[in-house]
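Quick notes on the structure that follows.
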Amino acid sequence: MNSIALPATCDRTAAKALYQDMSEALGPAPLAIDASKVERIGQAMLQLLLSASLTEGGIALVEPSEALRETLRLTGLNTLLDEPLSGQAIPSA
């Protein structure tokens, strides 16, 4: 299983920096994303994670930080915490 680590600050700059690596790492198996260091996460990174979760292999968030868990809960994207999540529609609110 491929693996990518998220930085503490997951803003637009971080999403842009990770986009290419994440795109290349996605495949038929879930992409492990180490989210243990996330302190802040913005819309661009949330969009990137959501998009990656809907690919063939999907993603598996590994040790998501409390800050990430809370943000996912507040945005209604807590289904991203299901490991692995692949090709599943995100339920509407």
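When reading the values below, keep in mind they use all heavy atoms of this one structure, side chains included, and skip hydrogens, waters and symmetry mates.
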Could you measure the distance from the CD atom of Glu70 to the OG1 atom of Thr75? Nearest 0.5 Å is fine.
9.5 Å
Atom CG in Leu49, atom CE in Met45: separation rounded to 0.5 Å?
6.5 Å
Any side-chain heavy atom of Ser53 sitting closer than 4.5 Å to one from Leu77?
no
Evaluation steps, side-chain contact (heavy atoms from CB on, under 4.5 Å), between Ile41 and Leu72
CA-CA 9 Å; Ile41 187 162; Leu72 293 175; 5.9 Å; no
On a heavy-atom basis, the closest approach of Leu48 and Ala15 is CD2-O, 3.7 Å
Does CD belonging to Gln43 count more than 12 external heavy atoms closer than 6.0 Å?
no
First locate atom CG of Leu80, then atom CZ of Arg73, and finally report the distance between them rounded to the nearest 0.5 Å.
15.0 Å
Between CG of Leu46 and SG of Cys10, what distance do you get to the nearest 0.5 Å?
8.5 Å
Glu66 side, atom CD; Glu39 side, atom CD - distance, nearest 0.5 Å:
13.0 Å
Thr13 meets the side-chain contact (heavy atoms from CB on, under 4.5 Å) criterion, sequence neighbours left out, with Asp11
Taking it one step at a time, do Lys37 and Leu6 satisfy side-chain contact (heavy atoms from CB on, under 4.5 Å)?
CA-CA 7 Å; Lys37 294 183 174 116; Leu6 297 180; over 6 Å; no
N/O donor to acceptor pairs below 3.5 angstrom from side-chain atoms of residues 19-35, sequence neighbours left out:
unit_1: Gln20; atom_1: NE2; unit_2: Glu24; atom_2: OE2; d: 2.7
unit_1: Ser23; atom_1: OG; unit_2: Tyr19; atom_2: O; d: 3.0
unit_1: Asp34; atom_1: OD1; unit_2: Ser36; atom_2: N; d: 2.9
unit_1: Asp34; atom_1: OD1; unit_2: Ser36; atom_2: OG; d: 2.7

